[in-house]
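Since the structure is predicted, the reported quantities are computational estimates derived from the model, not experimental observations. Each chain gets a letter, A, B and so on, in the order the sequences are listed, and its residues count up from 1.
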Amino acid sequence: METIMVDPFWTRLGLIVGAASTLAMFSFLWKENAVYRFFEHVFVGLGMGYTVAVTWTDVLKPHWWDKRIWVGAADELLAREEMGLWDPALWRGTGEILPLWGFLGIVGMFWYFQLSQRRAWLSRIVIGILMGSGAGLIFRRIYGLFFTQDGQVTKSFLPLLLPADSANVVRQWDLTLGALTACLILIYGVFHLRRVRQGIELPKRIEITTTASLCLGLALGTFLLSRGLVIAWNNGLIVLTLICVLCYFLFWEGGRRNRLSIGAATLGRWLLMISFGATFGSTVMARFSLLINRAQYLLEQCLNLS
Amino acid sequence: MKRWIISLFTFLSGFFYILEFVLPSHTHMGKALQEAKPHVGEAIMVIAAFAVGLGVIGVCRHHLRKLFLRQKGWHNSLALLLSMFGMALFKIWEKYDPPELATRLHDLLFLDLYNQLTITVFSLLAFYVASAAYRAFRVRSVDAGLMMITALVVMLGQIPLGDRLAEWLRLPWTLTEARLWIMSVINMAGQRVILLGAYVGSLAFGIRVLLGLNRDTILEKDG
Amino acid sequence: MTDAPIQVLLLFLVLSVSLLLFIYLARRGQRIELRRIAGLESMDEAVGRATELGRPVLFTTGLEPLNSVTTLAAIAALTRVCRVCAKYNTRLIVTLAEADVYTLVKDACQQICAEEGKPELYREEDIYFLSTMQFSYASGTAGIMQREQVGAAFFFGAFAAESLILSEAGNQIGAIQVAATTSSYQIPFFVASCDYTLIGEELFASSAYLTRDPSQLGSLLGQDLAKIAILILVVAGSTLATLWSVLGPEATWVEALLSGLLGGVLL
Amino acid sequence: MKPNQPRWIYMAVALSVTLPFLAKIKMTMPISEPVQKAFDVVEKLAEENEGRERKKLALLVADWEPATMAEIHPQVLALIHHFMSRQIPFAILGFRPTGPGLAQDLAHSAAREWNAEYGVAWCNWGYKTQMDTTIQAMLTSFHTVIREDTQGTPIQDLPMMVGFKDMGDIGLVAEFTGSSGLLQPWVEFVHAELRTPILHGCTGVMESPVYPMLSSGQIQGFMGGLSGAAQYEQLVGKLGKGSEGMAAQSLAHLLVLGLILAANLKEFAAWAAKGTLWKR
């Protein structure tokens with residue numbers, strides 16, 4: 001297939017057609033008008049036409065129509081095919097029509113029974129075959145995605161304590177530890193301030209637990225450092241998020257009876273919100289890149305301002 | 001009786017793939033299934049390809065009726081039908097070494113008209129994001145607050161200006177690093193659970209489909 | 001062909017059998033209680049508030065046709081809203097994007113109004129089939145919300161980029177908005193602009209809760225069991241990995257346990 | 001029937017997108033780790049092909065629709081330039097009807113520049129339906145599924161495909177898409193079985209669900225949205241649409257952030273005035 005030379009007439013015609021359709025669609029911003037509806041119908045028609053044509057040329061023709069006439073002995077041909085020497089001429093000779101071709105054609109026609117009211121159930125057979133094959137593959141897909149050597153569940157087994165010399169410890173250390181200890185001190189400080197300002201006497205239990213947990217945290221940190229171990233904060237955060245968000249997505253009423261699981265589920269929903277914040281941020285970029293492409297197209301190519 | 005035939009076909013096509021996955025390949029049965037898999041795969045591919053005609057028939061029926069009855073907007077329907085058959089003709093013709101004019105018209109229809117139309121329709125969204133940003137996005141709860149703060153960091157981390165801002169504020173990390181940390185720690189774990197939930201859901205739905213345990217709304221209506 | 005290790009096949013066997021067991025129990029009438037789904041209470045509260053203000057309620061089921069699980073779950077929620085509207089004598093407007101969903105919803109609403117003893121409340125012209133084209137459907141729905149000044153808006157089902165247009169129109173007229181979708185790309189926009197959002201599988205949980213369909217309830221419990229199994233695996237795996245990195249590579253018993261956990265595919 | 005929309009916000013958006021082009025600012029982005037890993041995977045395949053007489057193919061999976069063309073085309077063009085500059089032969093395959101046609105157009109424009117010849121440097125296997133069963137069939141017997149290219153010439157007659165036996169001869173799968181669920185089958189079937197490195201390019205919307213597979217190593221490289229394209233263009237050294245767009249992208253981001261902050265501050269002020277922030 002030789003590459004066609006760039007012909008100025010056709011490129012200019014293409015740009016005019018492209019610019020006209022772009023401006024027609026932008027008119028939708030102002031008000032839904034007849035021009036927009038006209039181009040929207042053309043848009044649907046072109047899409048449908050392209051899909052039908054490509055489905056015929058790339059799937060139905062080579063895999064069904066070309067295999068209808070079969071020459072000579074079946075096994076000899078299959079052997080040739082196994083060696084990867086598939087030759088269209090052999091397929092298109094004379095001889096009896098391949099039985100599989102006829103059967104496939106008939107089964108393929110079952111789709112169109114959906115249009116008739118009485119025999120619509122026949123089309124459910126073909127839908128069943130597709131849904132069944134999809135459902136049958138679900139076990140292999142879950143194994144391939146979650147339980148292989150670098151699968152999602154296998155790679156969620158993250159060590160929470162790392163030997164101090166391992167390479168990427170420093171990076172994790174300053175990025176998350178700073179944030180975490182700051183939050184701890186902040187919460188304790190606010191808690192303490194409020195109590196002093198209101199002059200209320202907190203029950204001894206809360207007083208002890210907060211101070212004890214803070215001291216325990218610092219003691220654990222120094223002990224681990226001395227043993228040449230470091231807390232892997234990133235892995236810890238990942239495992240914590242996995243557990244809390246999994247708790248959030250449990251629906252059985254039994255799972256929500258004790259306070260620990262309710263707390264985990266609430267924390268799970270907050271951590272989920274942080275991941276949706278990340279999706280929100282990157283989605284805004286995607287929306288604008290489309291408009292920026294339009295600006296590039298109109299300014300540089302149509303009005304060649306570049 | 002109808003329901004039984006449908007369930008049989010669904011079960012067979014699914015059980016083939018389950019058996020092929022479970023049986024180790026050195027067993028006799030496992031090897032036979034493995035040999036049959038490419039041909040079954042090709043057959044399913046062809047059957048799925050036949051479905052494309054359904055969409056065309058539905059569209060043609062609707063718009064041809066609008067055309068013959070001269071209902072309002074029949075010219076739009078005419079435009080739709082013409083562009084559909086024109087596009088299909090040029091695309092199929094392209095495979096049989098067409099004259100230069102046909103390739104030109106195909107490129108004009110596909111590359112210039114169809115692509116520009118589609119991009120522009122979706123580029124309208126940038127306007128809607130902006131107007132929604134001003135009029136709809138409110139911090140109305142803890143959830144929305146957490147989400148907005150993260151979105152702020154992620155968006156600033158995506159653009160070069162973000163790093164200038166980080167230097168100016170003398171933050172220990174650049175915003176691109178903070179964005180990558182949010183993306184690859186908390187967002188990674190959250191999306192991993194969503195992915196897990198989706199696959200566990202499709203596992204449950206798959207088992208119900210294979211054993212026909214689903215309440216089939218369409219069939220029940222005329223079943 | 002890498003054959004799957006026996007542990008993974010066993011896990012699949014246990015999960016599948018337990019799923020079928022739960023469905024069988026649910027069919028035999030075993031009562032299955034689901035946790036409180038906040039979105040469902042806010043649904044009733046939203047309709048109540050709209051009735052106080054005397055403004056109609058809008059429900060839309062997204063882009064996908066009837067064969068999608070998400071649309072079926074959305075229709076289950078629609079039947080609940082329709083019943084509450086009939087009880088409070090509030091006008092319900094439904095906008096749809098698919099013809100087959102339109103026919104099903106029309107019959108369902110008519111039947112529910114009759115069941116609630118108010119057949120005259122069902123108005124055929126309040127159920128719109130706008131267009132299968134994404135943006136015509138979205139701007140049509142937004143226009144109707146603007147014109148009818150709806151008091152509450154429900155966006156249940158599969159949505160794509162047009163979720164913005166809908167939720168922004170609702171915000172403009174000060175309507176209470178409750179959204180539920182499985183497309184996790186649109187959840188952030190719904191969370192930012194709606195009063196309450198059901199996330200991903202909560203839509204299916206609410207559909208099972210509303211329809212009490214035994215196979216959905218049983219399947220929900222089966223999925224819960226699978227998630228708890230994965231949770232236990234993650235906790236066990238992480239502690240073993242921590243032990244291994246603390247005790248160093250010479251602790252072979254930890255390595256044996258870890259590789260035994262998932263059939264020799266680890267680390 | 002359109003709701004009353006604020007025309008001044010639309011004008012602000014239009015300006016924020018057009019001004020940077022008139023001012024001709026071309027911004028360069030710092031290279032982020034996923035894009036660098038993508039570049040290294042392709043370099044590794046190039047070095048591996050050096051010593052081999054029969055080169056391993058790269059498979060360019062085109063699963064995008066025209067709607068997401070704006071973000072995907074700069075990525076694919078940068079990758080095709082990289083393939084052609086390192087003489088890595090690549091084949092185009094797609095599971096969305098419009099994908100292969102668009103990829104063909106991109107390969108043509110790049111081929112003109114590197115005068116690469118169809119059938120030697122690249123070929124187009126076209127569109128196939130029903131992705132998961134088709135990939136399963138390709139894994140066991142490749143020639144049953146891929147019989148001829150889009151021009152109808154049988155696969156064995158293409159010079160780059162001579163002696164191509166099965167999927168093991170594919171050294172890299174580069175999957176580009178704007179919709180969900182089209183990347184997973186390549187990870188679950190091809191990577192799980194043959195350990196083929198996988199490179200992924202997608203629109204900004206699809207970026208966050210990719211990170212679990214990136215951090216677990218199932219995907220070796222990743223380009224997200226326009227900024228991913230801009231970074232890869234810098235690495236390949238052919239600045240194109242990705243870098244040009246970054247200036248406008250930055251301005252647009254600031255506009256959206258400003259609008260969000262302004263709206264919430266307005267609401268916050270209203271709350272301070274009458275103390276009813278969340279009651280409507």
Engineer: Where on Arg61(B) is there a heavy atom nearer than 4.5 Å to chain A: the side chain, the backbone, both, or neither?
Structural biologist: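 Looking at Arg61(B), just its side chain touches chain A.
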Engineer: Using non-hydrogen atoms only, which part of Leu130(A) is less than 4.5 Å away from chain B: side chain, backbone, both, or neither?
Structural biologist: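 Just the side chain, heavy atoms under 4.5 Å.
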Engineer: If you measure from CG on Asn187(B) to CZ on Arg179(B), what distance do you get to the nearest 0.5 Å?
Structural biologist: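 Going from CG on Asn187(B) over to CZ on Arg179(B), the span is 9.0 Å.
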Engineer: Which bit of Val56(B) comes within less than 4.5 Å of chain A, counting heavy atoms only: side chain, backbone, both or neither?
Structural biologist: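 Val56(B) touches chain A through backbone and side-chain heavy atoms alike.
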Engineer: Can you tell which part of Phe249(A) gets under 4.5 Å to a heavy atom of chain B, answering side chain, backbone, both or neither?
Structural biologist: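 When you check distances to chain B, only side chain atoms of Phe249(A) fall under 4.5 Å.
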Engineer: With only heavy atoms counted, which part of Ile5(B) is less than 4.5 Å from chain A, the side chain, the backbone, both or neither?
Structural biologist: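 Just its side chain gets close to chain A.
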Engineer: Would you check, one step at a time, whether the test ring pair (Phe, Tyr, Trp, His ring centres under 6.0 Å) holds for Phe50(B) with Trp64(A)?
Structural biologist: CA-CA 10 Å; Phe50(B) 274 108; Trp64(A) 176 60; 5.0 Å; yes
Engineer: Where on Phe85(B) is there a heavy atom nearer than 4.5 Å to chain A: the side chain, the backbone, both, or neither?
Structural biologist: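 Phe85(B) has no heavy atom closer than 4.5 Å to chain A.
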Engineer: Check whether Leu196(B) gets within reach of chain A through its side chain, its backbone, both or neither, counting any heavy atom under 4.5 Å.
Structural biologist: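 Both parts, backbone and side chain.
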Engineer: Holding to ring pair (Phe, Tyr, Trp, His ring centres under 6.0 Å), I want the full list of residues that pass it with Phe251(A), two or more places apart in sequence or in another chain.
Structural biologist: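 Per chain and number, Phe251(A) pairs via ring pair (Phe, Tyr, Trp, His ring centres under 6.0 Å) with no residue.
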Engineer: Which residue pairs pass the side-chain hydrogen bond (donor to acceptor under 3.5 Å, both in side chains) test with at least one member in residues 265-275 of chain A, sequence neighbours excluded?
Structural biologist: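 Found Tyr248(A)-Arg269(A), Arg269(A)-Asp143(B).
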Engineer: As an exercise: rank Leu195(B), Leu12(B), Ile182(B), Ile149(B) by heavy-atom pairs under 4.5 Å with chain A and give me the winner.
Structural biologist: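 Greatest number of close heavy-atom pairs with chain A: Leu195(B).
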Engineer: Would you find a donor on one side and an acceptor on the other, under 3.5 Å apart, between the side chain of Thr154(A) and the backbone of Phe146(A)?
Structural biologist: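 Yes, because the side chain of Thr154(A) sits within donor-acceptor range (under 3.5 Å) of the backbone of Phe146(A).
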Engineer: Heavy-atom distances under 4.5 Å only: say whether Phe205(B) touches chain A with side chain, backbone, both or neither.
Structural biologist: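 Side chain only.
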Engineer: Please classify the contact between Val40(B) and chain A as side chain, backbone, both or neither, with a heavy-atom cut-off of under 4.5 Å.
Structural biologist: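 When you check distances to chain A, no heavy atom of Val40(B) falls under 4.5 Å.
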Engineer: Name the region of Met45(B), side chain, backbone, both or neither, that has any atom closer than 4.5 Å to a heavy atom of chain A.
Structural biologist: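 For Met45(B), heavy atoms of backbone and side chain both lie under 4.5 Å from chain A.
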Engineer: Can you check whether Ile6(B)'s main-chain N or O pairs, donor with acceptor, with Trp121(A)'s side chain at less than 3.5 Å?
Structural biologist: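 No, the answer is negative, given that no donor and acceptor are paired below the 3.5 Å cut-off.
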Engineer: Pick one of side chain, backbone, both or neither for Val185(B), based on which atoms fall under 4.5 Å of a heavy atom in chain A.
Structural biologist: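 When you check distances to chain A, atoms from both the backbone and side chain of Val185(B) fall under 4.5 Å.
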Engineer: Heavy-atom cut-off 4.5 Å, strictly under: side chain, backbone, both or neither for Val126(A) against chain B?
Structural biologist: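 Side chain only.
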Engineer: Check for a donor-acceptor pair, side chain of Ser13(B) on one end and backbone N or O of Ile129(A) on the other, with a separation under 3.5 Å.
Structural biologist: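 Yes; at least one donor-acceptor contact below 3.5 Å.
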